[in-house]
Number of protein chains: 2
Amino acid sequence: MAVKMKDIADDLGISLVTVSKALRNHPDISLKTRERVAARVQELGYRPNLAARSLVTGRSMLVGFVVPDLMHPFFADVAKGLSAVLREKGYFVIISSSEEDPELECKEIEHMMAHRLDALVVASSQSSAEALAPIQQSGTPLILLDRYFDNFEAHFVGSDDYNAGKIATEHLIEIGCKRIAHIQGPDTSPGSRRLKGFLDTMRKHGLEVPPEYIIKAGSGDVEGDEHGIQALRTLQSLKRPPDGIFCFNDVIASGVILEAVAQGIDVPKTLAVIGCGNLHSNRLIRVPLSSVDQRSNEIGRRAAKLILDIVQAPEGTKPAGTKRVVLQGGLVVRASTDRGGISSRPGKKIGKG
Amino acid sequence: MAVKMKDIADDLGISLVTVSKALRNHPDISLKTRERVAARVQELGYRPNLAARSLVTGRSMLVGFVVPDLMHPFFADVAKGLSAVLREKGYFVIISSSEEDPELECKEIEHMMAHRLDALVVASSQSSAEALAPIQQSGTPLILLDRYFDNFEAHFVGSDDYNAGKIATEHLIEIGCKRIAHIQGPDTSPGSRRLKGFLDTMRKHGLEVPPEYIIKAGSGDVEGDEHGIQALRTLQSLKRPPDGIFCFNDVIASGVILEAVAQGIDVPKTLAVIGCGNLHSNRLIRVPLSSVDQRSNEIGRRAAKLILDIVQAPEGTKPAGTKRVVLQGGLVVRASTDRGGISSRPGKKIGKG
DNA sequence: CCACTATACACAATCGATTGCCGTGGCCGC
DNA sequence: GCGGCCACGGCAATCGATTGTGTATAGTGG
């Protein structure tokens, strides 16, 4: 059906091999021949067959990317950054949205591997790295993104979540919050790191965190902002509701703000809210949302560069250990924490990032 | 390096062919043998090599999806729906975000085709179908999504944009708007269809649309909401600013609302705003945004089903003409057009959808 | 003018599967 | 007891490229 090398070769009265080499600028082939080949390729509309090439080269030019939810702006932006860098080198990214379902994720990864990926990037919904270990042993470069596992050596690209928790918490304290609550995200490394950053910072400032101030957001199939709404209702039903909330991410924080406005709570005066991720939509919502930037696009780009470093490394240079790329985000203050104090330059980024 | 069929075969003392057939449940192979094979496959961690399989079967199990912007929730959601349905049948989707750049889009499509896609889904940024024609002729099923071209026969899945424009406009008229403006999106079929739906409806109701009420949103590299902000500034600088705006999409509308609030304009009393797409974030923004639903996820799923119909069709049944799947969305009223009238049940969907 | 070396191209094996066709053994009926 | 059918499995060709090793032609020096 489709035009293949043999067709070009026959048409030109030369060997298939010559065509192959001509197309890849092999020095064996003279300029004149190369030009003749190129011309015919244009005319006949020849397209290389990557499946055939993969078979012999062992490289598929495909990178897998497993995300918990492609609709989440963070992961969509990571995907964009990842693709943008990789495509310049001829790679494509195949994406799978696991919907935070560990089982589905496993199946998808298994299936992806059949395409002989040149690398696999995973923002995993697993609770352990058990399912990932076989991948790594198979020789396919594995890159954990955003979420990592203890006791599992692997490349990692993500943000400094502990520090993000610290930055957010210190900001809330600085603007005068005393009773600060935290709404947790999914049970993954960013979740526990941000929580730890929060708790350590509170302790350091001598502030108490009663257990009921730590809300485990339900992890069903409702949208993230719904979690925020529910969480705020729970918090407001307490004898002493918090005067500040650090939310795991901006989607949850958006829900909190929505519900706060609905309840007639003054944000930020009565209740200050900060999230994490610095989504573009933060400035559009009911009360523009302060956040810690997460540099999503850059995370994707860094992951791509890491992959390129690995696959382009000379043959013997492989066992160089694993690499960790940890990006620092900066504080972005908007109305949701703007009480008119010193550190409140609305919409202005503070710190590196 | 990796385990292959030959390894399993040698290990079991049977032929490679037997292994191949056993794995695909070929009737030639006895249950006992099949089980022995399955067991070894597990033990040795065998994974089929799809590149090799593609070479002989001619099917890559890969579907390409070209979007203008993966960060736009509409396309991200379409991608999710598309992937979800296709993955059940063993297909993967490779996504390319063209950033509304026709040239980049062409390059990406060309490159994608090298993977011998089983189908290509395109939400094109091209102004004509010129670049797409060769694809179609190559025999790869081509599906236009969301955006189509005149004088170009191809499968299409998308929403009824003319009707969306009509629904939105009629709603604005119904709540009492007299001077209605429209902010255009990119210069593609949905843009012109929604505009036409708007203009026809205005005419039908005897309402005038001065040319300065049709704003061509710039299509640079700024975010969509920025267009909305700029557009509203332009409109407000007119002698007679509009009392209602129908925006091409919700992202632009979000910008309009942001700017309106900043200018102290009362939405919806002084200015009613409606968008298109019914993004999840619509209820979170400054003034919750009315919209015409676009059923993004369903569009993706329908595209997937169409692909499956095509690729699973019996050999001879191919030339069945092109198919058009046009989904109807419904009106969703929120605060941005809620003037307390009859048709204003906040957040409630009206009509089919 | 011959041997020698680049230059330019071709042969054949290979990558890891699939597929149509053929071969073997056992069991049946007549 | 023999032909024949069925169930099970193997042979060999094939898919469309890449790659190391040959081999003819052309150009060069002594």
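These numbers come from the heavy atoms of this one structure, side chains and all, not from hydrogens, waters or symmetry mates. No experiment lies behind these values; they were computed from the predicted model shown. Chain letters run A, B, ... following the sequence lines, proteins first, then strands; residues in each count from 1.
When the C1' atom of C:dG16 is taken as reference, atom CG of B:Leu44 falls 16 Å away, rounded to whole Å. A:Leu23 has its CG atom 8 Å from the P atom of D:dT18, to the nearest Å. The distance between atom CG of B:Leu55 and atom P of D:dT18, rounded to the nearest whole Å, is 12 Å. Between the P atom of D:dT19 and the CZ atom of A:Arg53 lies a distance of 9 Å, rounded to the nearest Å. Summarising the geometry, the separation between CZ on A:Arg24 and C1' on D:dG20 is reported as 12 Å, rounded to the nearest angstrom. When rounded to the nearest whole Å, the span between CG of B:Leu12 and C1' of D:dG9 equals 13 Å. Between the NZ atom of A:Lys21 and the P atom of D:dG16 there is a distance of 21 Å, given to the nearest Å. Note: NZ (A:Lys6) to P (D:dG16) measures 11 Å, nearest angstrom.
The only member of B:Val326, B:Asp146, B:Ile143 that meets side chain to side chain contact (heavy atoms under 4.5 Å, CB included) when paired with B:Phe156 is B:Val326.
Taking side-chain N and O atoms only, A:Thr18 has no distance below 4.0 Å to OP1 or OP2 of C:dC9. Close to C:dT7, at under 4.0 Å from its OP1 or OP2, lies no side-chain N or O of A:Ser30.
For A:Arg47 (side chain) and B:Met113 (main-chain N/O), no donor-acceptor pair under 3.5 Å exists by modelled atom type. Remark: the backbone N or O of B:Leu70 is paired with a side-chain donor or acceptor of B:Ser97 at under 3.5 angstrom. In this structure a side-chain-to-backbone donor-acceptor pair under 3.5 Å is missing from B:His115 to A:Leu50. Side chain of B:Arg24 to backbone of B:Ser20: a donor-acceptor contact under 3.5 angstrom is found. Of the possible polar contacts, one joining the B:Ser60 side chain to the B:Arg116 backbone as a donor-acceptor pair under 3.5 Å is found.
Closest to the side chain of B:Val56, from the set C:dA17, D:dT18, C:dC11, is C:dA17. Among the nucleotides D:dA17, D:dT18, C:dA17, the one closest to the side chain of A:Ser20 is D:dT18. Taking the side chain of A:Lys4 as heavy atoms from C-beta on, and the options D:dG16, D:dA12, C:dA17, the nearest nucleotide is D:dG16. Side-chain atoms of B:Thr33 lie closest to D:dG9 of the nucleotides C:dC9, D:dG9, C:dA17.
Scanning atom types as modelled, no donor and acceptor separated by under 3.5 angstrom connect the side chain of B:Asp28 and the base of D:dC8.
Under 3.5 Å, the side chains of A:Ser98 and A:Glu108 contain no donor-acceptor pair of N or O atoms.
Counting non-hydrogen atoms of neighbouring residues, nucleotides and ligands closer than 6.0 angstrom, the CG atom of B:Asp187 reaches no more than 12 such neighbours.
If you check every strand for non-hydrogen atoms under 4.0 Å, B:Ser54 touches nothing. Within the nucleic acid shown, B:Leu16 comes within 4.0 Å of at least one base atom, counting heavy atoms only.
The overall bend of the helix from C:dC1-D:dG30 to C:dC30-D:dG1, read as the angle between its terminal helix axes built from five base pairs each, is 50° when rounded to 10 degrees.
Remark on DNA chain D: of its neighbouring residues B:Arg116 and B:Val19, the 5'-side contact belongs to B:Val19, judged by nearest-heavy-atom nucleotide.
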